[in-house]
Amino acid sequence: MMNLYKKDFPILNQTVHDKTLVYLDSSASNQKPEVVIQTVSQYERMHHANVHRGVYELSRRATGAFEETREAVKQFIHANSLQEIIFTSGTTAAINLVAQSYGRTHFKAGDEIIVSMMEHHSNIVPWQMIAEATGAILKVIPINLAGELDLDAYRLLLSPRTKLVAVAHVSNVLGTINPIQEITRLAHAHQAVVLVDGAQAVAHIPVDVQALDCDFYAFSSHKAYGPTGVGILYGKRALLENMPPYQGGGEMVEQVTFAKTTYNTLPYKFEAGTPNIANVIGFKAAIDYVKHIGFTRVVEHDQALLAYATEQLTTLPGIKLIGTARQKIGIISFVIENVHAHDIGTILDHEGIAVRVGNHCAMPLMQFYQEAACVRASFAIYNSIADIDALMMGLKTVQRYFN
Amino acid sequence: MMNLYKKDFPILNQTVHDKTLVYLDSSASNQKPEVVIQTVSQYERMHHANVHRGVYELSRRATGAFEETREAVKQFIHANSLQEIIFTSGTTAAINLVAQSYGRTHFKAGDEIIVSMMEHHSNIVPWQMIAEATGAILKVIPINLAGELDLDAYRLLLSPRTKLVAVAHVSNVLGTINPIQEITRLAHAHQAVVLVDGAQAVAHIPVDVQALDCDFYAFSSHKAYGPTGVGILYGKRALLENMPPYQGGGEMVEQVTFAKTTYNTLPYKFEAGTPNIANVIGFKAAIDYVKHIGFTRVVEHDQALLAYATEQLTTLPGIKLIGTARQKIGIISFVIENVHAHDIGTILDHEGIAVRVGNHCAMPLMQFYQEAACVRASFAIYNSIADIDALMMGLKTVQRYFN
Amino acid sequence: MSDLRELYQDVIIDHGRHPRNIGEMQDATHRQEGFNPLCGDKVKVYIKLHADRVENIQFEGCGCAISMASASLMTEALKEKTLAEVDILFSAYHELVTCGATSDHLGKLRVMAGLREFPLRVKCATLAWHTMKAALAESKQIVSTEESV
Amino acid sequence: MSDLRELYQDVIIDHGRHPRNIGEMQDATHRQEGFNPLCGDKVKVYIKLHADRVENIQFEGCGCAISMASASLMTEALKEKTLAEVDILFSAYHELVTCGATSDHLGKLRVMAGLREFPLRVKCATLAWHTMKAALAESKQIVSTEESV
Ligand SMILES: Cc1ncc(COP(=O)(O)O)c(C=O)c1O
Ligand SMILES: Cc1ncc(COP(=O)(O)O)c(C=O)c1O
């Protein structure tokens with residue numbers, strides 16, 4: 001079966017170690033379609049200027065294109081208003097923004113922040129840092145062996161002390177899709193706000209922040225077919241309005257005197273300094289690309305690859321899958337008996353196959369599974385059944401070396 | 001006189017409102033040479049992967065190229081080691097990093113932070129924010145009418161209470177080059193550290209952080225012929241090592257457990273999350289481009305344009321230059337009697353000439369000059385005498401409209 | 001007439017340089033400050049309302065020719081108007097400067113039609129009007145042209 | 001022999017699977033932990049020094065075949081060596097895995113020559129060695145392969 005989209009991604013048309021490149025590390029970073037690459041370079045060749053402050057033509061064009069991305073993001077995640085869409089440098093920066101700005105003004109000693117066992121370091125460490133600064137306490141939602149959140153345990157963790165729940169929409173190791181609506185409903189019943197780490201979700205499943213009813217939603221352009229250095233923080237307007245700025249600088253101020261500085265309105269209050277203009281503009285092309293394919297097809301494709309890969313991999317002797325939730329996206333992590341993930345990664349690379357090995361920035365999760373490292377293959381719209389066949393061949397080579 | 005470099009900048013080869021584009025707003029953001037644009041798109045088409053954590057070929061290439069930029073930056077500013085070069089999303093983010101990480105651990109109520117009257121908002125507001133959080137007090141170095149720092153007043157401001165001095169290497173409105181070596185020497189005599197905002201310096205004058213002996217140096221790629229969304233924080237290693245991380249997330253940790261997280265070594269401790277890989281790599285091409293021209297020529301060119309523009313502009317009736325320091329770079333700001341800067345900007349734009357008008361994110365400075373707004377023309381390697389002649393013609397048109 | 005000449009008509013240059021109805025109004029019933037952080041334009045609008053009629057309207061401020069002229073022309077246009085008429089003029093003016101749509105009510109305000117070719121200056125041309133609206137709504141916050149994205 | 005086969009030679013696979021000199025050493029005079037955050041490899045090196053001679057050396061740890069084999073081979077190679085000899089071997093080994101330069105001292109360690117084609121794995125192959133060095137230097141910090149950029 002030919003993949004309809006591979007041709008849109010120039011990077012895939014190459015050999016590595018004399019083998020056709022098979023890229024199975026999209027959860028770390030997506031490859032970019034040609035249209036995104038060209039949108040960025042076109043912008044640099046034709047329209048670049050600093051945004052928001054120029055009275056001349058280039059600046060008008062740059063500002064217009066920049067703000068069009070905001071509109072596209074708003075529609076993409078079904079936000080209610082443009083004021084709720086804040087550009088950051090990535091998911092990590094977006095979560096840190098909330099942890100510092102919301103956390104410093106809302107957490108006090110003894111308050112509780114709930115995260116889950118399956119979080120990425122980017123959704124753990126910012127909360128540890130603000131917990132240490134404020135005296136708040138981190139609580140952890142456990143998971144079952146399949147890699148699903150234990151919602152009963154979550155219910156018991158919630159209390160009047162709970163101030164914020166920070167949880168991944170989709171786990172970057174397990175692929176698990178978490179029941180955000182339910183998590184949010186329960187948190188709101190305790191007046192706690194919910195931050196959703198959407199880094200792994202946006203390229204795989206449709207996201208509707210109003211339906212999820214989450215208070216904050218963070219994600220990265222580079223994991224959704226867009227350029228690096230661009231992240232989005234969605235926040236409900238009423239919350240954002242009452243939060244102090246995170247970084248100070250140009251753009252985010254209204255008036256500056258040494259005696260007193262007043263801040264700009266949303267979303268600019270949170271966008272200090274010159275933004276990543278070219279790549280923000282490139283991100284709109286990525287959103288358009290995904291929209292054009294449509295999430296029906298994206299999901300179908302993802303699930304078909306996941307089903308096939310799961311079926312194939314489980315035939316390998318000594319393999320153990322990590323993450324077998326009922327609801328998951330096209331991420332498949334595993335270990336093989338007596339072979340370290342790192343060695344698997346090297347041998348697969350030699351066969352032209354790029355997978356990720358290690359702890360995937362989720363050490364607590366790996367500890368839960370008592371593995372120091374595992375192998376992760378993750379799929380995107382440009383992957384095909386043939387890629388999974390190549391992975392299987394590669395793993396058979398691995399086993400030849402180690403048996 | 002033909003400009004040797006204009007041809008390297010594709011964006012300049014266009015008309016705006018049917019006039020040849022004359023771009024005189026490089027202090028807001030430089031245009032990029034074709035080689036930078038192509039380095040970025042080449043990277044996206046051939047080598048993209050997430051950095052530092054992959055065991056496969058693409059990741060090796062991406063990581064290698066990414067770290068080569070660190071080496072190039074180190075050499076560019078003459079830092080002592082790679083550990084001292086931290087990638088951020090811009091000057092603003094770099095200054096906020098120091099304000100929060102250094103400030104929160106070193107400032108207490110009654111301590112003093114010294115800034116100057118000519119600072120950009122990005123080198124004022126972060127200090128106001130940390131001053132408010134810690135009870136520290138902001139002190140301001142006054143300037144004379146020419147736009148030079150009053151060093152005698154600075155000496156009097158320094159005291160055992162002084163903890164940090166934050167000052168621009170070059171003013172973005174006045175063009176003034178400040179005597180950083182002297183500022184640093186005096187501050188160090190009082191055990192205060194010095195942060196230099198180098199945003200406007202790096203594209204115009206050679207920078208040697210060891211000769212300056214400053215403790216921190218911050219600048220942005222996009223003001224030095226590189227892409228947006230990339231900034232550099234240089235810090236002396238001994239200081240950086242004792243500072244807590246600023247943002248938490250992937251990459252900046254060593255080990256994460258819910259009980260205790262340990263942080264990675266320098267420079268990674270301060271680089272949480274996926275960096276702006278493509279644009280960092282593009283920035284190396286920009287540095288190479290400037291190095292190839294050489295600072296001797298860069299400075300000569302800049303000074304020639306400045307001299308000619310100053311001579312020409314002063315012939316206009318009713319003009320008042322803002323910023324006439326003895327040591328300045330190719331930035332020339334001015335007001336014209338009875339014509340508001342904003343109207344000048346619009347009329348010049350109509351003639352194809354892009355200048356910046358407004359307060360240039362330096363409201364306190366504008367208040368000192370008692371102007372709500374001024375016009376700024378700023379020069380780069382791609383500007384020529386002909387561009388200044390066009391500006392003069394444009395300003396004569398302005399005066400025709402308003403007289 | 002070139003776009004630029006249409007923007008900087010004599011009437012506008014004149015009102016920009018010699019704005020009418022300028023100065024503080026001691027007995028204003030409504031007053032409001034407005035600010036455009038992009039270019040530093042500031043305006044303060046004073047209104048004396050009698051029943052539902054604008055008995056007097058004045059402004060203070062500094063800014064570019066467009067913002068000063070638009071404020072000056074606004075005060076001339078709104079004097080003696082009822083609140084309902086003010087609303088109609090506000091909408092008509094807005095359409096004029098954004099897309100050049102002229103309507104009969106506009107009268108002398110029509111000189112601002114050139115703005116449609118200068119989208120970057122629409123904020124200058126509407127600051128005084130937004131501030132006036134906010135004054136009548138008795139909003140306490142300083143009006144900023146950056147309020148909406 | 002393919003690059004890969006040269007890397008994963010039988011000796012390496014064997015030492016990786018059945019590392020020699022493994023286990024805690026109670027009477028060690030020097031001990032040190034090392035960590036490679038990239039892949040989670042951990043190693044703890046124990047040395048019993050007598051005068052300037054390595055009387056005994058052992059390690060504990062978990063990791064990939066390369067890191068376990070390199071630790072195992074290191075303990076074999078260093079036993080009974082003087083500190084001066086350890087230094088020479090350290091340098092020679094480093095050159096071997098980074099550029100394939102073999103020298104006479106290396107003996108069995110030469111099986112690691114395949115590393116030169118796998119720069120991404122050099123950290124695995126040197127973790128135990130750096131940890132050993134740190135143990136002798138009596139450094140207190142955990143050694144991390146990320147120490148130098
Ligand atoms: C002197 C100075 N400092 C700081 C900045 C902020 O730089 P950035 O917007 O790239 O963060 C600028 C740019 O406008 C500047 O001119
Ligand atoms: C679930 C999850 N959260 C957060 C992040 C951090 O994203 P970024 O590195 O783009 O800031 C990642 C990416 O690795 C992720 O997978």
Side-chain angles (χ1 to χ4, degrees), chain A residues 10-11 16 28-29 31-32 37 41 44-46 48-50 53-58 89-93 96 120-122 124-126 128-129 138 140 220 222 227-229 247-250 253 255-258 261 272-274 276-279 342 345-346 349 354 356-358 361 363-364, chain B residues 10-11 16 28-29 31-32 37 41 44-46 48-50 53-58 89-93 96 120-122 124-126 128-129 138 140 220 222 227-229 247-250 253 255-258 261 272-274 276-279 342 345-346 349 354 356-358 361 363-364:
Chain A
I11 198 170
V16 156
S29 198
Q31 298 300 346
K32 281 118 202 85
I37 301 169
S41 55
E44 300 281 28
R45 283 198 190 97
M46 308 273 297
H48 174 63
N50 213 326
R53 280 164 295 175
V55 291
Y56 53 84
E57 175 63 15
L58 291 186
S89 61
T91 305
T92 303
N96 278 275
H120 186 279
H121 294 164
S122 288
I124 298 175
V125 186
Q128 290 183 317
M129 288 167 64
L138 221 59
V140 184
S220 297
H222 76 99
T228 45
Q247 297 192 323
V253 293
Q255 272 196 291
V256 176
T257 67
F258 287 115
T261 288
T274 304
N276 193 352
I277 308 170
N279 290 7
H342 214 161
T346 294
D349 175 46
R356 177 121 321 204
V357 304
C361 295
M363 288 194 202
Chain B
I11 198 169
V16 156
S29 197
Q31 298 301 344
K32 280 118 202 84
I37 302 170
S41 54
E44 299 282 28
R45 284 198 190 97
M46 309 273 296
H48 175 62
N50 213 326
R53 279 165 294 175
V55 291
Y56 53 85
E57 175 63 16
L58 290 186
S89 63
T91 306
T92 303
N96 278 274
H120 186 278
H121 293 164
S122 289
I124 298 173
V125 186
Q128 290 183 319
M129 288 168 64
L138 221 60
V140 184
S220 297
H222 76 98
T228 47
Q247 297 193 323
V253 293
Q255 272 195 291
V256 176
T257 67
F258 288 116
T261 288
T274 304
N276 193 354
I277 308 169
N279 291 6
H342 213 162
T346 294
D349 175 48
R356 178 119 321 204
V357 303
C361 295
M363 287 193 204

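The model shown is predicted, which means the values in this text are computed figures rather than measured ones. By convention in this document, chain letters (A, B, ...) are assigned in the order of the sequence lines, proteins followed by strands, and residues within each chain are numbered from 1.
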- Query: Residues in side chain to side chain donor-acceptor pair (under 3.5 Å) with T261(B), at least two apart?
  - Reply: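 Result, side chain to side chain donor-acceptor pair (under 3.5 Å) vs T261(B): Q128(A).
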Check your understanding: Can you list the residues that meet the side chain to side chain donor-acceptor pair (under 3.5 Å) rule with N276(B), with sequence neighbours excluded?
Key ->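 Checked N276(B) against side chain to side chain donor-acceptor pair (under 3.5 Å); matches are T228(A), N279(A).
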- G249(B) and P126(A): which non-hydrogen atoms are nearest, and at how many Å?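 That would be N-CD, 4.4 Å.
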**Prompt:** Between P364(A) and T257(B), which heavy-atom pair has the shortest distance, and what is it?
**Reply:**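 That closest heavy-atom pairing would be CG-CA, 4.4 Å.
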Answer yes or no: is there a side-chain heavy-atom contact under 4.5 Å between R53(A) and C361(B)?
->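 With C-beta onward as the side chain, the pair touches.
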What residue, out of [options], has the most heavy-atom pairs lying under 4.5 Å from chain B?
options                          : answer
R356(A), K32(A), H120(A)         : R356(A)
V125(A), N96(A), I124(A)         : N96(A)
A93(A), G345(A), A354(A), A49(A) : A354(A)
G90(A), A272(A), P227(A)         : A272(A)

Using non-hydrogen atoms and a 4.5 Å limit, figure out which bit of [X] sits close to chain A: side chain, backbone, both or neither.
X       : result
H48(B)  : both
I277(B) : both
N50(B)  : both

Please determine, among [options], the option with the most heavy-atom pairs under 4.5 Å with chain A.
options                           : result
V16(B), L58(B), L138(B), V253(B)  : L58(B)
A278(B), G250(B), G54(B)          : G250(B)
M129(B), Q247(B), M363(B), M46(B) : Q247(B)
T92(B), I37(B), V256(B)           : V256(B)

Structural part of H222(A) lying under 4.5 Å from a heavy atom of chain B: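 For H222(A), the contact with chain B is made by the side chain alone.
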